[in-house]
J.: 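Got a structure here, written out as C-alpha cells. Questions coming.
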Amino acid sequence: MPKAIRIYVHCVEALTRTVGRATMWLIFGMMGILLYSSIGKAVDAPPLWTLEMAQFAMVAYYLLGGGYSMQLGAHVRMDLLYGNWSERTRSWVDSVTVLFLIFYLIFLLYGGYSSTEYALQYGERSYSAWRPYMAPVKIIACIGIALMLLQAVAMLFRDIAKLRGEEL
C-alpha cells in the first residue's frame, strides 16, 4: 500500500482510539446526572435538565465511541456464516459491506451538517421545559459521524491491504 494510505490509517486509528478512550469516561458523567436526578426525586423534585442532559450525554457516548467500536471489531455482526469463513473471504465481504456503510455515513453527515447549520442559524432549542440549545449536541453528533466515516475508510484500506497480502 502507498505510504500516504499507511499514514492515513495510522493517524485516523490513533485519533479514533484517543477520542474513543476519552469518550468511555462519559458513562460516569451520565451516571452522575442520573444519580443526581434520582436523589432529587427522593428529596423533592428532580431538576428539569437531568433527563435531557443524560440523553445528550448518551448521544455523545454513542456517536463519539462508534469509530473506536468499529476499530476494536466490537460492533454487532451476524456471525452465523462469518465465523466459518477464511480471513480472505472475510476481507472480501468486509470491503464490500464497508462501502455501504461509507455511503450511509456520507448521507448521515450531510443531514447532520444541514441540521447543525439550521440550529446555529436560528438558535434552535429543544421543546422541553428546560429548552436547551440544540447546536452543541448536533455538533458533537457531526463530529462523531465524521470520525466514524474516517474510520470506515481506514477499515476499507485495511481490508484491501489484507486482500493484497499486506498488513497495515
Side-chain angles (χ1 to χ4, degrees), residues 5 7-79 94-159:
I5 290 177
I7 291 171
Y8 171 83
V9 170
H10 176 73
C11 290
V12 166
E13 289 190 346
L15 177 65
T16 303
R17 185 173 32 259
T18 303
V19 171
R21 287 187 177 164
T23 300
M24 286 192 290
W25 292 97
L26 279 176
I27 194 77
F28 295 111
M30 191 170 37
M31 287 169 44
I33 293 167
L34 293 173
L35 178 64
Y36 182 75
S37 176
S38 296
I39 292 170
K41 279 182 186 178
V43 173
D44 187 20
L48 295 174
W49 59 269
T50 54
L51 177 63
E52 201 159 17
M53 192 65 195
Q55 290 172 343
F56 290 166
M58 186 63 178
V59 166
Y61 180 76
Y62 179 74
L63 289 174
L64 291 175
Y68 187 54
S69 176
M70 286 174 51
Q71 184 179 16
L72 295 177
H75 54 282
V76 177
R77 174 180 283 135
M78 182 62 181
D79 205 30
D94 287 345
S95 62
V96 170
T97 56
V98 80
L99 292 173
F100 291 108
L101 177 63
I102 290 168
F103 180 75
Y104 171 73
L105 289 172
I106 288 170
F107 278 101
L108 195 62
L109 185 60
Y110 176 76
Y113 176 77
S114 65
S115 180
T116 302
E117 188 177 42
Y118 176 85
L120 288 169
Q121 185 175 5
Y122 295 105
E124 180 185 13
R125 290 177 164 262
S126 172
Y127 292 109
S128 68
W130 178 38
R131 296 190 37 82
Y133 286 103
M134 295 303 293
V137 76
K138 290 183 178 192
I139 290 168
I140 289 172
C142 285
I143 291 169
I145 294 166
L147 284 172
M148 197 178 242
L149 179 61
L150 293 173
Q151 182 62 41
V153 172
M155 289 178 65
L156 175 64
F157 288 148
R158 266 195 188 282
D159 289 330

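When reading the values below, keep in mind they use all heavy atoms of this one structure, side chains included, and skip hydrogens, waters and symmetry mates.
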J.: Quick one: are Met134 and Val137 in side-chain contact, heavy atoms under 4.5 Å?
T.: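 They are in contact (side-chain heavy atoms under 4.5 Å apart), so the answer is yes.
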J.: Below 30° counts as parallel, above 60° as perpendicular, anything between as tilted: where do the rings of Tyr122 and Tyr118 land?
T.: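 The arrangement is tilted - the two ring planes meet at 30° to 60°.
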J.: Taking Ala14's backbone N and O only, do any of them form a donor-acceptor pair with Thr18's side chain (distance below 3.5 Å, no angle check)?
T.: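 It does hold such a pair.
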J.: Please evaluate residues Trp49 and Tyr36 with respect to the criterion ring pair (Phe, Tyr, Trp, His ring centres under 6.0 Å), reporting the C-alpha separation (whole Å), side-chain torsions for both, the decisive distance (0.1 Å), and the verdict.
T.: CA-CA 11 Å; Trp49 59 269; Tyr36 182 75; 5.7 Å; yes
J.: Evaluate the criterion side chain to side chain contact (heavy atoms under 4.5 Å, CB included) for residue pair Leu34 and Thr50; output intermediate values, then yes/no.
T.: CA-CA 7 Å; Leu34 293 173; Thr50 54; over 6 Å; no
J.: Give a yes or no on whether the ring-centroid distance for Phe107 and Phe103 is below 6.0 angstrom.
T.: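 Yes.
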J.: Is the side chain of Thr23 donor-acceptor paired with the backbone N or O of Val19 at a distance under 3.5 Å, no angle test?
T.: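 Checked: pair present.
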J.: If the test is side-chain hydrogen bond (donor to acceptor under 3.5 Å, both in side chains), which one of Arg21, Glu13, Arg17 qualifies with Tyr68?
T.: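 Among Arg21, Glu13, Arg17, the one that satisfies the side-chain hydrogen bond (donor to acceptor under 3.5 Å, both in side chains) with Tyr68 is Arg21.
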J.: Evaluate side chain to side chain contact (heavy atoms under 4.5 Å, CB included) for Leu109 paired with Leu149, printing each intermediate quantity in order.
T.: CA-CA 9 Å; Leu109 185 60; Leu149 179 61; 4.2 Å; yes
J.: About how many Å separate CD1 of Ile145 and OH of Tyr104, when rounded to the nearest 0.5 Å?
T.: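 Reported value, rounded in 0.5 Å steps: 7.5 Å.
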J.: Do Glu52 and Gln55 have side-chain heavy atoms sitting under 4.5 Å apart?
T.: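 The answer is yes; the side chains approach within 4.5 Å.
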J.: Say whether Thr16 and Gln151, considering side chains only, have a donor N or O and an acceptor N or O under 3.5 Å apart.
T.: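 Yes, a side-chain donor-acceptor pair sits under 3.5 Å.
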J.: Rounded to the nearest 0.5 Å, what separation is found between the OG atom of Ser95 and the CZ atom of Arg158?
T.: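 It comes to 14.5 Å.
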J.: Do you know the tightest heavy-atom contact between Ile102 and Ala152?
T.: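 Closest approach of Ile102 to Ala152, heavy atoms only: CG1-CB, 3.8 Å.
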J.: Pair Met155, Asp94 - check side chain to side chain contact (heavy atoms under 4.5 Å, CB included), show working.
T.: CA-CA 9 Å; Met155 289 178 65; Asp94 287 345; over 6 Å; no
J.: First locate atom CG of Leu108, then atom SG of Cys142, and finally report the distance between them rounded to the nearest 0.5 Å.
T.: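 These two atoms lie 8.5 Å from each other.
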J.: Looking only at non-hydrogen atoms, find the nearest pair between Leu120 and Ala135 and report the distance.
T.: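 In this case the closest contact between Leu120 and Ala135 is CD2-CB, 3.5 Å.
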J.: Check Met30 against Ala54 and note the closest heavy-atom contact, atom names and distance.
T.: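 Minimum heavy-atom contact is SD-O, 3.6 Å.
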J.: With a 4.5 Å heavy-atom cut-off, do Phe56 and Pro132 have their side chains touching?
T.: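 The answer is yes, as the side chains (C-beta and beyond) meet within the 4.5 Å cut-off.
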J.: Below 4.5 Å, heavy atoms only, C-beta onward: do Thr97 and Leu101 meet side chain to side chain?
T.: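 They are not in contact (no side-chain heavy atoms under 4.5 Å apart), so the answer is no.
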J.: Can a donor-acceptor pair be found, under 3.5 Å and without considering hydrogens, that links the side chain of Arg131 to the backbone of Arg125?
T.: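 It does not hold such a pair.
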J.: Between CD1 of Ile33 and CE of Met53, what distance do you get to the nearest 0.5 Å?
T.: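 It comes to 5.0 Å.
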J.: If the plane angle is over 60° it's perpendicular, under 30° parallel, otherwise tilted; pick one for Phe157 and Tyr8.
T.: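 Answer is perpendicular, since the angle exceeds 60°.
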J.: What's the separation between atom CD1 in Ile140 and atom CG in Leu63, rounded to the nearest 0.5 Å?
T.: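 If I round to the nearest 0.5 Å, the distance is 9.5 Å.
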J.: Taking the side chain as every heavy atom from C-beta outward, state whether Val12 and Val153 have any atom pair closer than 4.5 Å.
T.: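 Heavy-atom side-chain distance check fails, nothing below 4.5 Å.
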J.: Minimum heavy-atom separation for Leu26 and Ala57, please, with both atom names.
T.: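 Here Leu26 and Ala57 meet closest at CD1-O, 4.3 Å.
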J.: Under the side chain to side chain contact (heavy atoms under 4.5 Å, CB included) criterion, do Ile143 and Leu147 qualify, and how do the steps go?
T.: CA-CA 6 Å; Ile143 291 169; Leu147 284 172; 4.2 Å; yes
